[in-house]
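Nothing here was measured: the structure is a model prediction, and the numbers come from that model.
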Number of protein chains: 2
Amino acid sequence: MSNSQTSLPLVPAPLACCSPLSGEPMSQGRAEQVAPVLKALGDPVRLRLMSMVLSHEGGEACVCDLTPAFDLSQPTISHHLKVLHDAGLLGRDKRGVWVYYQARPEAMAAVMSLFAAAGSASASSAVADPAVGACC
Amino acid sequence: MSNSQTSLPLVPAPLACCSPLSGEPMSQGRAEQVAPVLKALGDPVRLRLMSMVLSHEGGEACVCDLTPAFDLSQPTISHHLKVLHDAGLLGRDKRGVWVYYQARPEAMAAVMSLFAAAGSASASSAVADPAVGACC
DNA sequence: TGTCAACATAGACATATGTCGAACTCTCAG
DNA sequence: CTGAGAGTTCGACATATGTCTATGTTGACA
């Protein structure tokens with residue numbers, strides 16, 4: 001990774017909020033903060049992993065639940081989960097032998113807030129969306 | 001300007017709607033349809049380009065407006081614009097010597113709908129969001 | 001204690017990606 | 001018709017990414 005940050009700032013505060021894509025041009029610094037999160041989601045395997053975790057009972061799933069759904073080796077799945085975790089999209093919780101991953105709603109809400117104003121260019125009332133409001 | 005890529009179904013219907021990340025696990029086929037759009041946004045330069053186009057007067061900008069903002073060669077910017085265009089995120093319009101790019105709100109709304117239910121896992125009322133409603 | 005099962009890490013490999021300079025295509029002014 | 005400017009395409013290159021196999025680590029249990 002070209003990322004030279006010694007510590008990932010995404011875990012405590014995954015994304016700065018309230019700065020949708022439209023409005024004013026995004027700064028380079030912020031773009032470099034946000035892009036890795038979208039990049040992490042820009043892979044079919046990781047997108048399915050996120051979806052599986054989110055739709056799994058209790059909003060969490062262990063690796064043993066996820067791996068069999070793919071035609072990929074276990075280390076590969078582990079690698080993708082690590083990418084999602086490093087991006088701040090998944091939390092990790094080890095219980096006994098199993099490792100459970102949970103989605104982090106803040107991260108998802110923050111990503112959504114990027115598109116809120118842009119997606120509803122004509123609708124205009126996306127600012128009233130509760131998720132965005134909760135994030136700000 | 002009939003787009004020459006027969007494999008990209010994104011221009012007529014950028015993203016299938018109403019299938020957020022949570023709910024039920026995303027199918028492999030759909031993940032492979034959605035991931036390229038997020039991947040296209042997963043680059044700081046492209047994220048800034050999208051933001052600049054969206055926030056530019058009239059919702060469109062010509063390449064000559066965008067290029068000077070970056071410390072990159074003009075062919076590189078052109079390449080990134082092509083990636084965004086191929087992903088269905090930007091429309092292209094040539095007028096005289098200049099080429100104007102416009103954002104496609106449908107694409108943004110579709111991306112947002114992915115995160116709508118997920119981001120507001122506890123808020124719950126994201127289904128009432130106007131942008132999502134407009135897309136479905 | 002020793003063994004097994006669940007994950008993670010390391011190293012290697014082929015492919016994809018971002019970038020550049022050079023060359024090409026259009027369009028307009030003269 | 002010719003020249004110049006705006007963008008795109010091409011070919012090359014270094015680096016990043018996704019995947020694998022092999023190995024390491026950790027916790028449960030006989």
Asker: What is the distance from CG of A:D86 to C1' of D:dT17, rounded to the nearest Å?
Answerer: 14 Å
Asker: Can you list every disulfide (SG to SG under 2.5 Å) pair that touches residues 76-115 of chain B, not counting sequence neighbours?
Answerer: none
Asker: Return each pair, listed once, that meets side chain to side chain donor-acceptor pair (under 3.5 Å) where at least one residue sits in residues 66-77 of chain A; pairs must be two or more places apart or across chains.
Answerer: A:S73-A:T76
Asker: Going by salt bridge (Lys or Arg N to Asp or Glu O under 4.0 Å), name the residues that satisfy it together with B:D93, two or more places apart in sequence or in a different chain.
Answerer: B:R95
Asker: Whole angstrom is fine here: how far is it from CH2 in A:W98 over to C1' in C:dA6?
Answerer: 9 Å
Asker: Decide yes or no for A:W98 and A:V63: does some side-chain heavy atom of the first lie under 4.5 Å from some side-chain heavy atom of the second?
Answerer: no
Asker: Which residue pairs pass the disulfide (SG to SG under 2.5 Å) test when at least one of the two sits in residues 73-108 of chain A, sequence neighbours left out?
Answerer: none
Asker: Find the distance B:L90:CG to D:dG7:C1' and express it as a whole number of Å.
Answerer: 15 Å
Asker: Just grab all the disulfide (SG to SG under 2.5 Å) pairs involving residues 42-99 of chain A, residues at least two apart or on different chains.
Answerer: A:C62-A:C64
Asker: Using atom CZ of B:F70 as one end and atom C1' of C:dT19 as the other, report the distance to the nearest whole Å.
Answerer: 14 Å
Asker: For B:C62 and A:H80, find the nucleotide of DNA chain D closest to each by heavy atoms; which residue's nucleotide sits nearer the 5' end?
Answerer: B:C62
Asker: Is the phosphate of D:dA16, meaning OP1 or OP2, less than 4.0 Å from a side-chain N or O of A:K39?
Answerer: no
Asker: Under a 3.5 Å cutoff on both atom distances, Watson-Crick or G-U, what's the dot-bracket for DNA chain D ([ ] crossing, | other strand)?
Answerer: ||||||||||||||||||||||||||||||
Asker: Report the residues that fulfil side chain to side chain donor-acceptor pair (under 3.5 Å) with B:Q28, sequence neighbours left out, ordered by chain and then residue number.
Answerer: B:E32
Asker: Round to a whole Å and report the spacing from CG of B:D93 to C1' of D:dA6.
Answerer: 15 Å
Asker: Find the distance B:R48:CZ to C:dG18:C1' and express it as a whole number of Å.
Answerer: 16 Å
Asker: For residues 35-55 of chain B, which residue pairs qualify under side chain to side chain donor-acceptor pair (under 3.5 Å), counting only residues two or more places apart or in two chains?
Answerer: B:R46-B:H80
Asker: So if I define the base as every atom that isn't primed, P, OP1 or OP2, how would nucleotides 25-30 of chain C read as a B/S/- string at a heavy-atom cutoff under 4.0 Å?
Answerer: -SSS--
Asker: Atom CG of B:L49 to atom P of C:dT19: distance rounded to whole Å?
Answerer: 10 Å
Asker: Between C1' on C:dG18 and CG on B:L72, what's the gap in Å once rounded to a whole number?
Answerer: 9 Å
Asker: Below 4.5 Å, heavy atoms only, C-beta onward: do A:M26 and A:L114 meet side chain to side chain?
Answerer: yes
Asker: Restricting to side chain to side chain donor-acceptor pair (under 3.5 Å), what partner residues turn up for A:Q102, sequence neighbours left out?
Answerer: none
Asker: Identify, with sequence neighbours excluded, every residue that meets side chain to side chain contact (heavy atoms under 4.5 Å, CB included) alongside A:H56.
Answerer: A:A61, A:D65
Asker: Distances under 3.5 Å between protein N/O atoms and the N/O atoms of nucleotides 8-11 of chain C, please, pair by pair.
Answerer:
from	atom 1	to	atom 2	distance (Å)
C:dA8	OP1	A:Y101	OH	2.8
C:dA8	OP2	A:S78	OG	2.5
C:dA8	O5'	A:S78	OG	3.4

